[in-house]
**Student:** 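I have a structure I would like to understand better, so I am pasting it below and will then ask my questions one at a time.
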Amino acid sequence: MPRLFTQQDSIQPFVLLIFGATGDLAKRKLFPALYNLYRDNFLNKEFAVIGVGRTEMEISQFRLFIKESISEFGRLPLQEGAEWERFAARFDYIAFDITEPDAYTSLLAVVEERERKTNLMGNRMFYLAISPQLFGTVSNSLERSGLTNTAGWKRLVVEKPFGHDYASAKMLNEEIKCSFTEEEIYRIDHYLGKEMVQNIQVIRFANFMFEPLWNNRYIDNIQITASETVGVEDRASYYDCTGALLDMVQNHMLQMVMMVCMEPPGRLNTEAIRDEKVKVMHALRRYNEEEVDRHIVRGQYTAGEGGQGVVCAYREEPNVNPASITETFVAARLFIDNFRWAGVPIYIRTGKRMQKKVTEIVIQFKALPNRLYFNKNDDVAPNLLIFRINPREGITLLLNAKKQGTDSQVVPIGMEYCNDCGDASPEAYESLLHDAILGDPAFFTRWDEVSLAWKFIDPIRRTWDKNSRAPEEYPAGTWGPAESNEMILNDGRRWWTGEDIIKNRKTIKAVERPKY
Ligand SMILES: NC(=O)C1=CN([C@@H]2O[C@H](COP(=O)(O)OP(=O)(O)OC[C@H]3O[C@@H](n4cnc5c(N)ncnc54)[C@H](OP(=O)(O)O)[C@@H]3O)[C@@H](O)[C@H]2O)C=CC1
Ligand SMILES: O=C1O[C@H](COP(=O)(O)O)[C@@H](O)[C@H](O)[C@H]1O
């Protein structure tokens with residue numbers, strides 16, 4: 001159920017078991033998120049965290065690892081002294097191989113010891129920050145060892161990727177469902193934890209002025225961009241056998257499509273919202289081979305001038321196959337074949353080593369009748385509503401107004417709301433961890449959403465694998481391959497990026513469409 005951050009008293013005590021506590025995700029996201037929640041009083045006074053990894057280390061070393069992770073990646077500065085000691089004392093660490101079923105007996109002993117010392121009410125949250133191949137093994141062992149047999153609640157948080165196609169996701173789901181019910185499974189999509197993604201439903205359903213326009217009578221097209229300037233960094237071994245389609249589109253991009261396009265739910269509760277999201281996935285047009293070629297562009301970066309100077313081509317990155325045909329960019333034209341959205345193209349694009357780090361959603365409203373009133377050369381810009389998700393959070397509404405000092409020269413003006421100009425927003429992982437502890441799965445993905453996303457993705461992946469054609473090339477530091485621009489220009493439209501629109505307000509020109 002969407003909520004305001006709930007303060008300490010209404011949150012129950014719990015023990016959090018982090019599998020993969022020595023890994024990158026724990027270091028960069030989970031420990032800083034826990035610390036922020038603690039400092040902001042969003043955790044019960046009674047809680048404990050037990051880290052699991054293979055690396056042998058003393059508890060003092062583990063606590064130092066946590067301290068360093070918070071100092072480096074935390075939103076709030078670390079407070080030294082007694083305050084830190086109180087926080088650190090809640091952490092335990094146990095090293096064992098999680099593929100070894102017998103080893104869970106000692107984990108159970110550590111958990112029970114903690115529960116005896118402090119009244120944690122038997123509430124247990126298991127966070128799998130490990131390779132997805134191990135999800136099934138761990139959830140099985142949790143049950144067999146008796147760790148899931150508790151007087152309190154039990155919850156399983158699983159990271160992405162949830163499978164690599166529909167069949168593997170289904171198998172994985174069946175495995176974890178042997179030990180946890182759907183209500184107890186929290187599948188993470190960290191985009192759903194982002195402030196402005198959560199804000200979509202509020203902007204839509206708390207403003208009467210938008211909802212009547214939110215359909216194919218008034219909206220010309222929708223654009224969703226998630227561009228990154230970074231390359232594959234040190235994740236090449238994962239990325240080169242995954243690619244942008246599976247890494248970004250199957251999850252984050254489709255989740256944003258669902259949030260923007262779902263019907264208003266009957267009630268604003270978790271299951272009602274998820275039901276509406278699922279309907280979007282049912283209506284999302286699936287593509288055959290010929291349509292994949294027509295509606296989807298895949299690209300791979302070559303050497304170029306990225307944000308960090310000259311950077312190498314994807315194929316030259318360490319641990320990438322020099323002949324790799326993995327895509328680092330995807331642009332697609334999607335359609336939702338229902339009464340509300342029929343005929344409205346939804347353009348999505350995502351990629352590595354692009355010109356800017358931007359995540360935003362642009363709603364482009366239909367144009368005024370051509371040449372009717374102002375700017376007879378057809379350069380009245382369309383109205384745009386822009387959700388700015390990252391790096392600057394906010395909303396921009398692009399309207400038209402009279403240029404100062406002219407009779408009727410029309411120029412675009414931006415009305416802007418900044419979401420994070422005062423206090424920094426909570427990190428996505430903060431918000432999601434908090435929800436999971438609270439038992440609120442609204443911003444986690446339900447199995448039917450995930451399975452339908454795979455059913456949309458699988459034919460695309462199969463088509464590409466069958467063709468085994470190299471992706472289109474784009475130089476690092478650009479907006480992707482030329483084919484992405486061509487796809488949208490051929491429709492008489494263009495990609496918008498909010499920042500450029502605001503900066504170049506006076507030079508906006510809508511793309512020409514046929515005149516009649
Ligand atoms: N890193 C990120 O930014 C993101 C990660 N994810 C997902 O999070 C999960 C973890 O990723 P990440 O942290 O990057 O991975 P890492 O490789 O950095 O960490 C893996 C963790 O798993 C532990 N581990 C692996 N095998 C075993 C084993 N047999 N027994 C016990 N522990 C084991 C490792 O312990 P040890 O090192 O001590 O052996 C380590 O703590 C993955 O599902 C990934 O897809 C999702 C989004 C972003
Ligand atoms: O899940 C992933 O997301 C990140 C981008 O996340 P953002 O919050 O920085 O927009 C991406 O870099 C990574 O490849 C992918 O696995």
Side-chain angles (χ1 to χ4, degrees), residues 17-33 50-57 61-62 65-66 69 73 93-101 103-104 106-107 127-138 141 157-164 172 187-197 224-256 314 326-330 350-354 356-361 388-391 393 425 427-432 445:
L17 291 93
I18 302 181
F19 293 84
T22 52
D24 183 67
L25 183 79
K27 179 175 73 180
R28 287 196 305 118
K29 301 290 181 189
L30 304 185
F31 297 135
I50 299 169
V52 178
R54 266 176 313 196
T55 312
E56 293 290 344
M57 58 174 127
Q61 285 172 290
F62 182 57
F65 174 70
I66 296 166
S69 94
F73 301 105
Y93 177 75
I94 168 163
F96 70 94
D97 184 340
I98 53 184
T99 61
E100 228 1 280
Y104 287 72
S106 26
L107 179 62
Y127 197 121
L128 306 191
I130 47 176
S131 157
Q133 285 93 306
L134 295 169
F135 290 169
T137 312
V138 173
S141 300
V157 184
V158 283
E159 268 297 336
K160 62 161 272 211
F162 199 85
H164 53 86
L172 168 58
R187 298 178 195 82
I188 291 246
D189 184 307
H190 81 275
Y191 269 54
L192 290 178
K194 288 181 187 271
E195 269 284 304
M196 288 307 298
V197 173
I224 305 180
T225 298
S227 58
E228 297 184 83
T229 51
V230 293
V232 281
E233 299 177 293
D234 52 1
R235 295 168 69 217
S237 50
Y238 152 78
Y239 195 87
D240 203 35
C241 49
T242 305
L245 183 74
L246 270 53
D247 187 46
M248 290 294 289
V249 180
Q250 189 274 341
N251 36 68
H252 311 320
M253 302 302 278
L254 290 181
Q255 281 297 330
M256 289 191 279
Y314 175 70
T326 299
E327 76 287 348
T328 59
F329 172 95
V330 174
T350 182
K352 301 269 185 204
R353 287 273 188 244
M354 291 177 66
K356 267 188 195 149
K357 167 80 182 164
V358 176
T359 308
E360 65 184 21
I361 300 172
R388 289 185 278 102
I389 295 163
N390 194 297
E393 293 174 5
S425 296
E427 286 282 328
Y429 273 92
E430 242 172 272
S431 168
L432 293 174
T445 59

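Only heavy atoms go into these numbers, but all of them, side chains included; no hydrogens, no water, no symmetry mates. Ligands are counted one by one from 1 in listed order, and the atoms in each one are counted from 1 as well. We count residues from 1, following the sequence as given.
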**Student:** Please work out whether the ring planes of Y191 and H252 are parallel, tilted or perpendicular, with thresholds of 30° and 60°.
**Tutor:** parallel

**Student:** When you compare ligand 1 with L128, is there at least one nitrogen or oxygen pair between them that comes in under 3.5 angstrom?
**Tutor:** no

**Student:** Counting only heavy atoms, tell me which of H190, R28, E56 gets closest to atom 3 (O) of ligand 1.
**Tutor:** R28

**Student:** Would T55 and Y93 count as a side chain to side chain contact (heavy atoms under 4.5 Å, CB included) if you check the C-alpha gap in whole Å, the side-chain angles of each, and the deciding distance to 0.1 Å?
**Tutor:** CA-CA 10 Å; T55 312; Y93 177 75; 4.1 Å; yes

**Student:** So which bit of Y239 gets within less than 4.0 Å of ligand 2, heavy atoms only: side chain, backbone, both or neither?
**Tutor:** neither

**Student:** If you have a sec, work out which protein heavy atom is nearest atom 3 (O) of ligand 2 and how many Å separate them, to one decimal?
**Tutor:** H190 CE1, 3.4 Å

**Student:** To check your reading of the model: name the closest protein heavy atom to atom 7 (C) of ligand 1, its residue, and the distance in Å.
**Tutor:** K160 O, 3.4 Å

**Student:** Using modelled atom types only, decide if a donor and an acceptor are shared between the side chain of T326 and the backbone of G243 within a distance under 3.5 Å.
**Tutor:** no

**Student:** Minimum distance, heavy atoms only, to atom 15 (O) of ligand 1: which one of D24, T22, D234, I94 is it?
**Tutor:** D24

**Student:** Is there a nitrogen or oxygen of G23 sitting under 3.5 Å from a nitrogen or oxygen of ligand 1?
**Tutor:** yes

**Student:** Answer whether the closest heavy-atom distance between the side chains of F19 and L107 falls below 4.5 Å.
**Tutor:** yes

**Student:** Could an N or O of ligand 1 be found under 3.5 Å from any N or O of L134, whether backbone or side chain?
**Tutor:** no

**Student:** Check step by step if side chain to side chain contact (heavy atoms under 4.5 Å, CB included) holds for M248 and V330.
**Tutor:** CA-CA 9 Å; M248 290 294 289; V330 174; over 6 Å; no

**Student:** Ligand 1 versus R235, non-hydrogen atoms closer than 4.0 Å: side chain, backbone, both, neither?
**Tutor:** neither

**Student:** Within a distance under 4.0 Å of any heavy atom of P161, pick out the atoms of ligand 1 and give their elements.
**Tutor:** 45 (O)

**Student:** Just go through E100, R54, E159 and tell me whose heavy atom is the nearest to atom 46 (C) of ligand 1.
**Tutor:** E159

**Student:** Considering only heavy atoms from C-beta outward, does the side chain of P161 approach that of Y238 to under 4.5 Å?
**Tutor:** yes

**Student:** Determine whether I98 and T137 make a side-chain contact, defined as any pair of heavy atoms from C-beta on separated by less than 4.5 Å.
**Tutor:** no

**Student:** Determine whether H164 and T242 make a side-chain contact, defined as any pair of heavy atoms from C-beta on separated by less than 4.5 Å.
**Tutor:** no

**Student:** Quick check: N390 and ligand 2, any N/O pair under 3.5 Å apart?
**Tutor:** no

**Student:** May I ask which of E233, R235, K160, K194 has a heavy atom nearer to atom 8 (O) of ligand 2 than the others do?
**Tutor:** K194

**Student:** Should D247 and K160 be marked as a side chain to side chain contact (heavy atoms under 4.5 Å, CB included) after you check the CA-CA gap, both sets of side-chain angles, and the distance that decides it?
**Tutor:** CA-CA 9 Å; D247 187 46; K160 62 161 272 211; 3.1 Å; yes

**Student:** N/O to N/O below 3.5 Å, does that happen between T55 and ligand 1?
**Tutor:** yes

**Student:** Only one of M354, R353, K357, K356 clears side chain to side chain contact (heavy atoms under 4.5 Å, CB included) with E228; which?
**Tutor:** K357

**Student:** Kindly identify the option in I389, T328, D247 whose heavy atom sits closest to atom 16 (O) of ligand 2.
**Tutor:** D247

**Student:** Is ligand 1 under 4.0 Å from a heavy atom in the side chain of A21, in the backbone, in both, or in neither?
**Tutor:** backbone

**Student:** Within the 4.5 Å heavy-atom criterion, are T359 and M256 side-chain neighbours or not?
**Tutor:** yes

**Student:** Could you please spell out the steps behind the side chain to side chain contact (heavy atoms under 4.5 Å, CB included) verdict for F162 and D189?
**Tutor:** CA-CA 10 Å; F162 199 85; D189 184 307; over 6 Å; no

**Student:** Provide, to 0.1 Å, the distance between atom 28 (C) of ligand 1 and the closest protein heavy atom, together with that atom's residue and name.
**Tutor:** I98 CG1, 3.4 Å

**Student:** Do F31 and F65 have side chains that get closer than 4.5 Å, going by heavy atoms?
**Tutor:** yes

**Student:** Is any side-chain heavy atom of D240 closer than 4.5 Å to one of V232?
**Tutor:** no

**Student:** Tell me whether K352 has any N or O atom under 3.5 angstrom from an N or O of ligand 2.
**Tutor:** yes

**Student:** With atoms numbered from 1 as shown, which atoms in ligand 1 lie under 4.0 angstrom from a non-hydrogen atom of D97?
**Tutor:** 28 (C), 29 (N), 30 (N)

**Student:** Given side chains that start at C-beta, do those of Y429 and H190 come closer than 4.5 Å, heavy atoms only?
**Tutor:** yes

**Student:** Given M248, E159, E427, E228, identify the one with the heavy atom nearest to atom 12 (O) of ligand 2.
**Tutor:** E228

**Student:** Name the closest protein heavy atom to atom 10 (O) of ligand 2, giving the residue it belongs to and the distance to 0.1 Å.
**Tutor:** Y191 OH, 2.5 Å

**Student:** Quickly, which of Y239, F329, Y314 forms a side chain to side chain contact (heavy atoms under 4.5 Å, CB included) with K352? Name it, please.
**Tutor:** Y239

**Student:** Between F96 and ligand 1, which residue portion shows a heavy-atom distance shorter than 4.0 Å: side chain, backbone, both, or neither?
**Tutor:** backbone

**Student:** Y429 versus ligand 1: do any nitrogen or oxygen atoms come within less than 3.5 Å of each other?
**Tutor:** no

**Student:** Show me which atoms of ligand 1 lie under 4.0 Å from any heavy atom of G20.
**Tutor:** 21 (C), 22 (O), 23 (C), 40 (C), 41 (O)

**Student:** Starting from atom 9 (O) of ligand 2, find the nearest protein heavy-atom neighbour and note its residue, name and distance.
**Tutor:** K357 NZ, 2.9 Å

**Student:** Is L25 close to ligand 1, meaning an N/O of one under 3.5 Å from an N/O of the other?
**Tutor:** yes

**Student:** List the closest protein heavy-atom neighbour of atom 43 (O) of ligand 1: residue, atom name, distance to the nearest 0.1 Å.
**Tutor:** I130 O, 2.8 Å

